[in-house]
Student: 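I'd like to ask some things about the structure below.
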Amino acid sequence: MISKNRPTVAFVVPTGVGASIGGFAGDASCWARKFAKEFNLIVNPNVVNAACFSGITENMLYVEGWALSEFFKGKISLIPSIDNKIGVIFDKAIPQDIKNIHINTINAVKTVYGVDIVAIECTEEPCGVEFFITQTGISSGCLNNPLTLLNSAKKLIEQGANAIAVVTLFDSPNENDGYAQGEAVDVVGGIEAVISHYLSSRLFIPIAHAPAFCDSEISSEIVDARASAEYITPTFLPCILLGLQNAPHISKKIPDNSLRVDEVSALVVPYNCLGSSIVFDAIDRGVRVCAVKENSTVLNVDKNDLSLQNGVIEFKDYYECLETIKKLLPHY
């Protein structure tokens with residue numbers, strides 16, 4: 001839901017780069033929700049996804065990373081939508097008892113929030129997901145059987161789905177990786193992005209991914225507050241269903257009711273992960289790039305490293321960034 005009477009801002013926290021705010025489980029949501037009170041807000045799923053919770057609001061446009069990159073290149077526009085028809089893919093490798101937990105979750109979300117789930121498909125073959133941390137310290141991975149996912153997605157589209165939730169089986173991460181203590185990169189985030197990018201780039205519809213783990217027990221360990229949402233539920237499916245419910249459609253054309261990149265007034269990102277195409281494309285198109293210094297990542301690439309001193313404005317924290325943008329952008 002967007003209003004032409006409000007400026008549009010993109011609030012992005014990349015996945016799998018160890019962001020101190022937004023690198024865990026929906027822990028950037030509190031700031032995104034403050035920005036959304038003032039502006040139409042484009043968010044990537046990583047900002048608001050929080051396992052059984054979601055930070056999404058009606059003023060946010062939930063846009064997967066590949067689509068976000070294409071949007072800033074000017075290759076696609078975003079068409080606001082409500083009550084999408086969602087299809088769900090389950091990896092064949094998911095054990096039946098774990099799948100049953102997810103089916104109960106789907107039914108609960110349908111009952112409470114009225115999310116329209118039009119069909120469920122199980123892949124014909126296991127998807128073969130692997131994940132790891134690279135030498136540069138970021139989260140990545142491999143999808144060994146992408147075609148089985150793509151085939152299931154096409155079946156869902158034939159049944160009327162215009163948005164797709166994907167659930168694939170992941171091995172349980174190493175419990176000693178420090179993530180629960182707020183001291184490490186989310187090891188599964190990178191391959192989640194790979195999966196959603198792969199399907200989005202081929203199908204041009206909203207896609208979001210949730211991992212399934214064979215261990216369905218809820219931990220009694222006290223963990224870092226930023227990661228806590230993931231430790232009180234056996235499934236991370238609710239947040240992506242809530243995000244996809246009103247996710248904008250993707251269009252290669254520029255219909256009158258769509259949002260174009262030239263209507264975006266600012267891009268808000270962590271201050272030291274500026275090496276992405278989104279940042280360079282935003283600068284090329286005259287979009288203000290706002291780098292927030294309280295949010296750091298393992299990438300450690302700031303405006304000085306890239307000679308972007310004239311294209312990036314740095315802010316001490318999200319509060320200063322928000323208050324400054326409010327003064328710079330007129331409200332009609």
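All figures in this text were calculated on a predicted structure; none of them were measured in a lab.
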Student: Could you check whether any side-chain heavy atom of Ile86 comes within less than 4.5 Å of a side-chain heavy atom of Val115, counting everything from C-beta outward?
Tutor: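 With C-beta onward as the side chain, the pair touches.
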
Student: Output, in order, the C-alpha distance, side-chain angles, deciding distance and verdict of side chain to side chain contact (heavy atoms under 4.5 Å, CB included) for Asp83 and Asp116.
Tutor: CA-CA 7 Å; Asp83 296 330; Asp116 188 0; 5.8 Å; no

Student: Just by distance, do the side chain of Glu38 and the backbone of Phe35 share a donor-acceptor pair under 3.5 Å?
Tutor: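 Not at all, since once roles are kept as given, no pair shorter than 3.5 Å links the two residues.
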
Student: Do the side chain of Ser29 and the main chain of Gly26 share a donor and acceptor less than 3.5 angstrom apart?
Tutor: yes

Student: Arg285 side chain to Phe72 main-chain N or O, any donor-acceptor pair under 3.5 Å?
Tutor: yes

Student: Is the Phe236 ring parallel, tilted or perpendicular to the Phe213 ring (thresholds 30°, 60°)?
Tutor: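 If you compare the ring of Phe236 with that of Phe213, the planes turn out perpendicular.
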
Student: Same cluster for Ile79 and Ile207 if Ile/Leu/Val/Met/Phe/Trp/Tyr side chains link at under 4.5 Å?
Tutor: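 No, separate clusters.
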
Student: Would one find more than 12 heavy atoms of other residues, nucleotides or ligands at under 6.0 Å from atom CD of Gln96?
Tutor: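 Result for CD/Gln96: enclosed.
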
Student: For Phe170 and His209, run ring-ring contact (aromatic ring centres under 6.0 Å, His included): C-alpha distance rounded to whole Å, both residues' side-chain angles, the deciding distance at 0.1 Å, then the answer.
Tutor: CA-CA 12 Å; Phe170 281 38; His209 178 272; 5.4 Å; yes

Student: With no hydrogens and no angle check, is any side-chain donor or acceptor of Arg6 less than 3.5 Å from a backbone partner on Ala36?
Tutor: yes

Student: Taking side chain as C-beta onward, heavy atoms only, is Ile133 less than 4.5 Å from Val185?
Tutor: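 In contact.
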
Student: May I ask you to decide whether Glu314 forms a salt bridge with Lys293, counting only side-chain N to carboxylate O separations under 4.0 Å?
Tutor: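 So Glu314 pairs with Lys293 through a salt bridge.
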
Student: Quick one: does Ile195's side chain get under 4.5 Å of Val166's, heavy atoms only?
Tutor: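 Ile195 vs Val166: side chains touch.
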
Student: State, to 0.1 Å, how close Phe132 and Gly141 come at their nearest heavy-atom pair, and which atoms those are.
Tutor: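 Reported closest heavy-atom pair: CE2-CA, 3.5 Å.
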
Student: Atom CD1 in Ile106, atom NZ in Lys99: separation rounded to 0.5 Å?
Tutor: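 Nearest 0.5 Å value for the CD1-NZ distance: 9.5 Å.
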
Student: Using atom types as modelled and distance alone, determine if a side-chain donor or acceptor of Asp91 lies under 3.5 Å from a backbone N or O of Val167.
Tutor: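 No, Asp91 side chain to Val167 backbone: no donor-acceptor pair under 3.5 Å.
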
Student: Check whether Ile232 and Ile98 end up in the same hydrophobic cluster, where Ile, Leu, Val, Met, Phe, Trp and Tyr are linked by side-chain heavy atoms less than 4.5 Å apart.
Tutor: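 No, Ile232 and Ile98 fall in different hydrophobic clusters.
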
Student: Does Ile222 CD1 have over 12 foreign heavy atoms under 6.0 Å away?
Tutor: no

Student: Counting only heavy atoms from other residues, nucleotides and ligands, does the tally under 6.0 Å from NZ of Lys303 exceed 12?
Tutor: yes

Student: Can you check whether Cys52's main-chain N or O pairs, donor with acceptor, with Thr233's side chain at less than 3.5 Å?
Tutor: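 No, the answer is negative, given that no donor and acceptor are paired below the 3.5 Å cut-off.
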
Student: How close do Val264 and Ala10 get, heavy atom to heavy atom, and via which atoms?
Tutor: CG1-N, 4.2 Å

Student: Please check this pair: side chain of Thr148 against backbone of Glu125, looking for a donor-acceptor N/O pair closer than 3.5 Å.
Tutor: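 Here the side-chain-to-backbone pair exists.
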
Student: Answer whether the closest heavy-atom distance between the side chains of Pro7 and Ser265 falls below 4.5 Å.
Tutor: yes

Student: Using side chain to side chain contact (heavy atoms under 4.5 Å, CB included), reason through Lys37 and Asn59 one step at a time and then give a plain yes or no.
Tutor: CA-CA 8 Å; Lys37 290 179 180 179; Asn59 293 324; over 6 Å; no

Student: Side chains of Phe11 and Trp31: does their closest heavy-atom pair fall under 4.5 Å?
Tutor: yes

Student: Taking the six-membered ring of Phe204 as reference, does the cationic atom of Lys252 (NZ for Lys, CZ for Arg) lie under 6.0 Å from its centre and within 45° of its axis?
Tutor: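 Yes, a cation-pi geometry holds between Lys252 and Phe204.
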
Student: Find out if a path of hydrophobic residues (ILVMFWY) with successive side-chain heavy-atom gaps under 4.5 Å connects Val118 to Tyr113.
Tutor: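 Different clusters: Val118 never reaches Tyr113 through Ile, Leu, Val, Met, Phe, Trp or Tyr contacts under 4.5 Å.
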
Student: Under 3.5 Å, is there a donor-acceptor pair linking the side chains of Glu124 and Asn151?
Tutor: no

Student: Which distance, rounded to the nearest 0.5 Å, do you find between the CG of Asn84 and the CG of Leu241?
Tutor: 11.5 Å

Student: Take Glu64 and Asn44 through the side-chain hydrogen bond (donor to acceptor under 3.5 Å, both in side chains) test and state the conclusion after the steps.
Tutor: CA-CA 5 Å; Glu64 181 274 333; Asn44 61 312; over 6 Å; no

Student: State, yes or no, whether a side-chain contact exists between Tyr179 and Val187 at a heavy-atom distance under 4.5 Å.
Tutor: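 No, every pair of side-chain atoms sits at 4.5 Å or beyond.
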
Student: Output yes when a side-chain donor or acceptor of Ser77 lies under 3.5 Å from a complementary backbone atom of Lys253, and no otherwise.
Tutor: yes

Student: Testing the basics here: between Ser228 and Val223, what is the closest heavy-atom pair and its distance to 0.1 Å?
Tutor: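 Between these two residues, the closest heavy atoms are CA-CG2, 3.6 Å.
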
Student: Linking I/L/V/M/F/W/Y whenever their side-chain heavy atoms sit closer than 4.5 Å, directly or via other members, would Leu143 and Leu203 fall into one cluster?
Tutor: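 In one cluster: yes.
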
Student: Using side chain to side chain donor-acceptor pair (under 3.5 Å) as the criterion, point out the one residue from Asp27, Asn295, Thr297 that pairs with Ser20.
Tutor: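 Exactly one candidate clears the test, Asn295.
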
Student: Determine whether Ile89 and Ile164 make a side-chain contact, defined as any pair of heavy atoms from C-beta on separated by less than 4.5 Å.
Tutor: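 The answer is yes, as the side chains (C-beta and beyond) meet within the 4.5 Å cut-off.
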
Student: Would you call Val292 and Val268 a side-chain contact if the rule is heavy atoms closer than 4.5 Å?
Tutor: yes

Student: To the nearest 0.5 Å, what is the distance between NZ on Lys326 and OG1 on Thr324?
Tutor: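 Going from NZ on Lys326 over to OG1 on Thr324, the span is 10.0 Å.
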
Student: Show the nearest heavy-atom pair for residues Cys239 and Phe53, with the distance to one decimal.
Tutor: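 Closest approach of Cys239 to Phe53, heavy atoms only: CB-O, 3.0 Å.
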
Student: Hey, does the side chain of Ser139 reach the backbone of Asp186 with a donor-acceptor pair shorter than 3.5 angstrom?
Tutor: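 Yes: the side chain of Ser139 pairs with the backbone of Asp186.
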
Student: Nearest 0.5 Å please: distance from the CD1 atom of Ile191 over to the OG atom of Ser196.
Tutor: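 If we round to the nearest 0.5 Å, Ile191:CD1 and Ser196:OG are 9.5 Å apart.
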
Student: Does Val112 share a hydrophobic cluster with Ile117, counting links as ILVMFWY side-chain heavy atoms below 4.5 Å and allowing steps through other members?
Tutor: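 Cluster IDs for Val112 and Ile117 match.
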
Student: Please name the pair of heavy atoms, one in Val298 and one in Gly137, separated by the smallest distance, quoted to 0.1 Å.
Tutor: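 Closest approach of Val298 to Gly137, heavy atoms only: CG2-O, 3.6 Å.
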
Student: Might you point out which heavy atoms bring Val261 and Gly74 nearest each other, and give the distance in Å?
Tutor: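 Here Val261 and Gly74 meet closest at CG1-CA, 4.1 Å.
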
Student: Will you find, in the side chains of Tyr62 and Asn246, an N or O donor that is under 3.5 Å from an N or O acceptor?
Tutor: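 Tyr62 vs Asn246: no donor-acceptor pair found between side chains.
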
Student: Could you measure the distance from the CG atom of Leu68 to the CG atom of Leu78? Nearest 0.5 Å is fine.
Tutor: 8.0 Å

Student: Checking Glu294 against Tyr319: is there a side-chain donor and acceptor pair closer than 3.5 Å?
Tutor: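 Absent: no donor and acceptor within the cut-off.
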
Student: Is Glu158 salt-bridged to Lys155, cutoff N-O under 4.0 Å?
Tutor: no

Student: Taking atom types as modelled, find out whether His102 and Thr235 have a side-chain donor-acceptor pair closer than 3.5 angstrom.
Tutor: yes

Student: How far does CD1 of Ile283 sit from CG of Leu267, to the nearest 0.5 angstrom?
Tutor: 9.0 Å

Student: Side chain to side chain contact (heavy atoms under 4.5 Å, CB included) for Glu192 and Thr15? Distances and angles first, verdict last.
Tutor: CA-CA 9 Å; Glu192 289 198 89; Thr15 305; 5.5 Å; no

Student: Is the backbone N or O of Val13 less than 3.5 Å from a side-chain atom of Asn46, with the two atoms forming a donor-acceptor pair by type?
Tutor: yes

Student: Apply side chain to side chain contact (heavy atoms under 4.5 Å, CB included) to residues Val194 and His197 and explain how you reach the verdict.
Tutor: CA-CA 5 Å; Val194 169; His197 294 0; 5.8 Å; no

Student: Is the number of heavy atoms from other residues, nucleotides or ligands within 6.0 Å of CG (Asn310) greater than 12?
Tutor: no

